[in-house]
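This report refers to the structure that appears directly beneath it.
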Amino acid sequence: MTDLPKAYTPRDVEGAIYERWLAADVFAPDGAGSTADPALPPFTITQPPPNVTGSLHLGHAQRTAVEDLLVRHARMRGHRTLFLPGLDHASIAAQFVLDGILAKEGESRQTLGRERYLERMRAFSDTTRPVMLAQQRRVGASADWGRLRYTMDEGSAKAVRVAFDRLYRDGLAYRTEALVNWCPGCRTSVSDLEVVPTPETGTLWSVRYHLIDPATGQPLPDEGIVVATTRPETILGDVAVAVHPDDDRYRAMVGRMARIPFVERDVPVIADEAVDRAFGTGAVKITPAHDQDDYATGKRHGLPMPTVLADDATIADTGTRYDGMDRYEARELIVAELASRGDLVDQKPHEMIIGRCQRSNDVLEPRLKTQWFIRTGPLAERALDATRSGRTRILPERFEKTWEHWLTGIRDWNVSRQLWWGHRVPAWYCPDGHVTVSPEEAGPAACEVCGRPAAELQQDPDIFDTWFSSGLWPFSTLGWPDDTADYRTYYPTSVMETGYDIIFFWVARMMMLGLHLTDREPFHTVYLSGLIRDPEGQKMSKTKGNVVDPLAVIDETGADALRFALIHGAAAGQDQRFGRTKLENARNFANKLWNATRFVVGTRPPSVAEGAERRLPTEAHLGPAERWILSRASATVAAVDAAMADFAFGEVTRLLYDAIWNEFCDWGVELAKVRLSDETLPAETREATWWALVEALDTYLRLLHPIMPFVTEALWAAIPHRATDPDLLIVARWPAPLGRDERVEAEVDAILDLVRGLRNARAESRVAAATWLPTEVVVPVAMGPTFEALRPAVERLARARPLDRRLSREALGQGSGTTDGALTVIAGELEALAHRVDEAADGAGRGAERARLERELADARGWLASARDRLANEAFMAKAPANVVEGARAREAELADQVARLEDRLADLGS
RNA sequence: GGGCGAUUGGCUCAGUGGUUAGAGCACGCGGUUCACAUCCGCGGGGUCACUGGUUCGAAUCCAGUAUCGCCCACCA
C-alpha cells in the first residue's frame, strides 16, 4: 500500500506509472514481468502504423485507446498479448510534406536529385519518429517497444521484395502500358482509390470537325460533324469520331474521314455502341490516350493512341504551337481559335465530376503509361471467401456489404509510383527490354531471358505504392518470409483495429496479400472504428484548423480522461463528435474514483494492520449493505464481460461509470460510512464492512484498468492485495463474478427507494437541508432484519431521526399525536411519515402536502388505468407470454395498493 | 446512378419488441455532514423526423417519405 496525495493530478500519476510498467517488462508477451498463462492462445492486435511525418491527432489517440483496451483486457485474462508498435513511411504523403518544406527553402525534388532528396527525407523522419512514439506512450499504449517496426526497415524491404517476386511468379503482378490516373503536381500515377471525385461546373463545348471530300482529300467547308467536349485541348490527341451505329443523323457519315484541327490529321468516323445518342451532339471525339472510355473504344477499333500531355501536364509532341503550354492555357487558346474559325458551334455550362488528387488536389489526367499492376481478381475472390465463410468477421457487420461490393467490382491495382521515397520495384530491365524480377537485395545475376550480365541491367526507377508495404504489415512485422518463432506464435493475428476510412486502402489489401502469401486470413476480427469529428460534426483537418493535439489534452486532463472520453462515445463504425464537455466528464470521473479510493484507504479500521493481505469479509459479519455492494460488483463484472464480448466498448464505459459513481460511491460508500464510524459495533463487523468496500473497489479498478490504465494502477497500489496478486495491476487477473444475492439486492434497493422518496418529499416541501424530521416507517415483516440492519443508514441518509418502526399503517401517527403537515412517502411496500417540526404544522403546511400527494395520486391513477386496460385486453391475456402477463398483474396490484394508500392518507389529512 | 448511416429532452448521445424511454452537459432550487465544489441532494424538460403497415404490444420490426452526412460509380 502506498499513500495517495489528496489531489488527483494526472500528470504526476501518469509519467511515473509508465516508467514502472517499462521497468517491470510487462508489455512484451514474453517479458520478464508477464503473468500470462502459456496454455491459453496468444492474442495479437493489428494496428495501423501511423505515418512518420505527421504528428498524432485525436484519431490516432482513439486508435491507440481502443487497441490498448483490447490488449490490456486480453493480458489480464492471461493471454500472451502482442501489441506491436510501428510506423509507416507514407511514401506520397511524406513526399508531399517534405516538398512543402523544401519549397520554403527554395529547393525542390529536381534541384536536390534522388540521393540528396532521400537523405533529406531520412533526416526529416528521424526527427518525427521519436516524437510520434513518445505520443503513443503518453496515451498509454502497452506496446512491446522492443518489437518496434517500420515499413522502411530491412525486414519490410525484404518482405516487399519477396512478396512482389511471388506475385510476379504466380502471374499476379504484371507490367503493361495502360491508362492511369496521373497527378501533374505529384508527378506520379496514383491508384483509383486516391482519386477524389469532385463535382464542378465546367463548360461543354461543341466543335465542328470538317468532313473530308473523298474526291479531293480536302476538308469541306460546309460539311462537318459536331462533337461535344469538356476538354478541348485533347482535340490534339483525337484519332476518330464515334457515333452510335443506329443513329440516323450520322449513319451516312460512318466510314468517312474528318479533319482534326491544329494537328491537321484526318481521322475516321466510326460506329460504336458505347456512344450515348442523347448526350451532347451524339458524336464523340475519341482521344484514347487521355480518356477511359476513349481508351476502350480505341482498343476495340485498333486506333493509334498519341499522347499529348507531358508529366507536368503541358502540351507535348503535337507539332503545334501549343507544345510547351500548360493544359489550361492551351485550352483557352484553342477555344478562341476555334471560335475565330467559326467552328465553335456552342458552349454552355456543364455540371460534371472531376477527379482530383487525394494528396495535392490537382486535377488528375488519365494518361497512357507503362506501369506495374497487381491482378486483383483472384486475390479478391479469396478475400471474399474469408468473410463469407466467417473465418474473418467484420464489425460492424454492415461493412461486409461495402466490402462485398468493392471487392466484387475491383479493378487491377496500379502499384508503381514515379516517386522516390519508398521501396524500389525489384524489377530489372536489360537493353533488349526483357524483365527480370528478383527477391534478392542485390538484384539478379543476369537477365533471366537472355542471360545478359547484371552490369547491363537497369533497375526500375519506380517505387511501390505505400499501401503495398502496409499490406504486408501483419506478417512482415513478425519475420515473414522467414519462418520465425514470432510468426509461428502470433500469426494470424486476433483483432485488426482501424478507422473505416481505410477499409479498402489497407484492410482489403492486407487480406488479399495475406491470403495469397501466407495462405491464412491475417486476422480473425476486423473492428472498424468511427471517425472523430469536432463539436460541430466537421471532419478534423489542418486546413479547417480544428485539429486537436492529443498531448495538449493529456497535459490538461490526463491520458485516462482522454481515453475514457474517446471510448465512451465509441460504437463500431459510428463517428463521434468530440469536445471538452466529454473530456471534463471523464476527468471528473477519474477524480471521483481517486477520492473514493482515498476514502477507502483512509478509513481502514484500526484493527486491520497496515499492509494486511486483502481478504473477503467473513460471511457471518456481512450486513445487507455489504452483501449488496458485493452483489452489485458481481453484476457489473457480468455486464462488462458481456459488453466486451460484443466489442461494445462505449457500453463498457457506461456500465462502469454507473456502477462506480451511482452505485458504489453514492450508496455503497455512504452506507458503509455509517457502520465504519459506529464505535458501538464490534471490530469484526466494521472490518467486514471495510473489506467489502475494498473487495468491490478492487474489482472496479480491475474492470476499469483497460480503459483508464494509469489512475487505476496508481490507486490499486494503495489498496490491500492478496498474496497471489502481482505487484502491478496491468498483469493482475481480470475479475470473475463473485455471485449475486438477488434477495438482498431487492430489499436494499427498496430501502434506498424509501430514502430517495424522503429526500424528494423534503426538497419539494422546502424542508431545510439540515433539519432532522422525526419519522415513522412501516416495514413488512419479511424485510424487518434488513431494515433493522440499515436503520442507522436510513436515518443518516434521509435525515430522519428519530426513526420509529411501526408494524402497520394503522399505527402511523400514534407517536406524534398529529399527522398534520407531515410528509407521506410511499415507496413500494414501504411507507413513511416524516413529521414537520421546523414549521408550525398548520393549514398551509397541510395544504402543500395535500397538493403534493394529489399530484402523486393523479399519476398513480393514470398508470393504474393503463395497467388495467392491458389486463382487460383479451388479446393480450391470450397471446402475451405468461411471464409478461404475470408482471402486468403484479404491477396492477402494486399500483392499486399505492392508489389506495394515497387515498387513505389524503382522507386522513382532511380538507 | 447505386449503396450505407443518422434523425430520441436546449446540446452530445445510450437504448433493437414487453411495466412509467435513460445518461452526461446545460438549466432551476437547496447544500461549509470529517473521499470528492472536478462535489452532494432535489427538480423541470422528450407525441423517440413523418406516413402507413405487422403485432396483444413498436423508439425498437417492415414499406415509403423528408432532411443531413458518408461511400462507391469510366458518360464525352
Side-chain angles (χ1 to χ4, degrees), chain A residues 4 6-8 179 192 197 204 227-231 234 242 274-276 279-281 283-287 291-296 350 352-353 355 366 396 398-399 401-402 405-406 409 411 500-501 503-504 531 535 537 539 557 568-569 571 573-582 584-603 650-651 654 657-658 662 665-666 669-670 673 677 756 759-764 766-770 796-797 799 859 862-863 866-867 870 873-881 883-885 887-888 890-892 894-895:
Chain A
L4 289 175
K6 186 166 171 19
Y8 166 57
L179 211 55
D192 296 334
L204 186 65
V227 299
T229 181
T230 55
R231 294 187 298 157
T234 63
V275 177
D276 177 358
F279 188 90
T281 60
V284 192
K285 57 191 273 313
I286 301 297
T287 322
D291 182 277
Q292 289 290 350
D293 293 325
D294 295 2
Y295 178 70
H350 182 62
M352 56 190 194
I353 304 288
R398 66 183 141 85
F399 275 94
K401 234 181 211 175
T402 314
H405 180 251
W406 190 74
R411 294 164 63 189
Y500 65 76
D501 55 334
I503 183 171
F504 306 136
L531 274 30
K539 221 168 164 173
T557 60
H568 192 70
Q574 213 57 52
D575 293 356
Q576 64 167 314
R577 297 183 188 201
F578 197 81
R580 41 176 331 107
T581 60
K582 285 184 182 182
E584 280 169 8
N585 189 228
R587 190 263 327 261
N588 294 353
F589 179 53
N591 184 64
K592 184 75 180 176
L593 186 67
W594 180 273
N595 283 299
T597 305
R598 258 189 348 109
F599 170 80
V600 172
V601 171
T603 52
E651 180 66 11
R654 268 168 246 125
Y657 185 95
D658 281 351
N662 301 328
C665 292
D666 285 354
V669 168
E670 293 305 321
K673 276 179 183 173
S677 62
R756 282 190 201 95
R759 285 174 169 174
N760 170 322
R762 291 170 57 105
E764 284 197 11
R766 305 242 173 267
V767 175
R796 177 159 155 178
L797 298 179
R799 284 188 99 70
D859 283 350
W863 298 327
S866 82
R870 176 171 295 113
N873 183 338
E874 283 175 33
F876 172 76
M877 299 302 285
K879 295 186 180 177
N883 64 320
V884 173
V885 174
R891 174 75 184 146
E892 192 267 351
E894 191 188 328
L895 285 166

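Throughout, a chain's letter reflects where its sequence line sits, starting with A, and its residues are numbered from 1.
To the nearest whole angstrom, the two C1' atoms, one in B:A14 and one in B:C50, are 23 Å apart. With both ends at atom P, the span from B:C39 to B:A26 equals 9 Å, rounded to whole Å. The same atom, C1', is picked in B:G17 and in B:A23; the two are 22 Å apart, to the nearest Å. Comparing the C1' positions of B:C25 and B:U65 gives a spacing of 34 Å, expressed to the nearest Å. When the C1' atom is used for both B:G2 and B:U60, the distance is 28 Å, rounded to whole Å. Using atom C1' as the reference point in both B:C62 and B:G22, the two lie 27 Å apart (nearest Å). Look at the P atom in both B:C13 and B:A49: the space between them is 15 Å, to the nearest Å.
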Handout entry: nucleotides 32-45 of chain B: protein proximity per nucleotide (B base, S sugar-phosphate only, - neither; heavy atom, under 4.0 Å)
Key = ---BB-BSSSSS--

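Listed by chain and residue number, nothing satisfies the ring-ring contact (aromatic ring centres under 6.0 Å, His included) test with A:Phe599 (two or more places apart in sequence, or in another chain).
Ranking B:C72, B:C4, B:C25 by closeness to the A:Thr581 side chain, first place goes to B:C25. Residue A:Val884 has its side chain nearest to B:G18 when only B:C71, B:G18, B:C29 are considered.
In this structure, OH of A:Tyr657 is placed 14 Å from C1' of B:G22, rounded to the nearest angstrom. Between A:Asn585 atom CG and B:A14 atom C1' there is a gap of 13 Å when expressed in whole angstrom units.
Paired runs in RNA chain B that reach 3 or more consecutive Watson-Crick or G-U pairs, where each pair keeps both distances under 3.5 Å, cover B:1-7 with B:66-72, B:10-13 with B:22-25, B:27-31 with B:39-43, B:49-53 with B:61-65.
Within the nucleic acid shown, A:Asn873 comes within 4.0 Å of sugar-phosphate atoms alone, with no base atom in reach, counting heavy atoms only.
Salt-bridge formation is detected for the pair A:Glu651/A:Arg654: a Lys NZ or Arg NE/NH1/NH2 atom is positioned less than 4.0 Å from an Asp or Glu carboxylate oxygen.
A:Arg577 has a side-chain polar atom (N or O) that falls below the 4.0 Å cut-off from OP1 or OP2 of B:C13.
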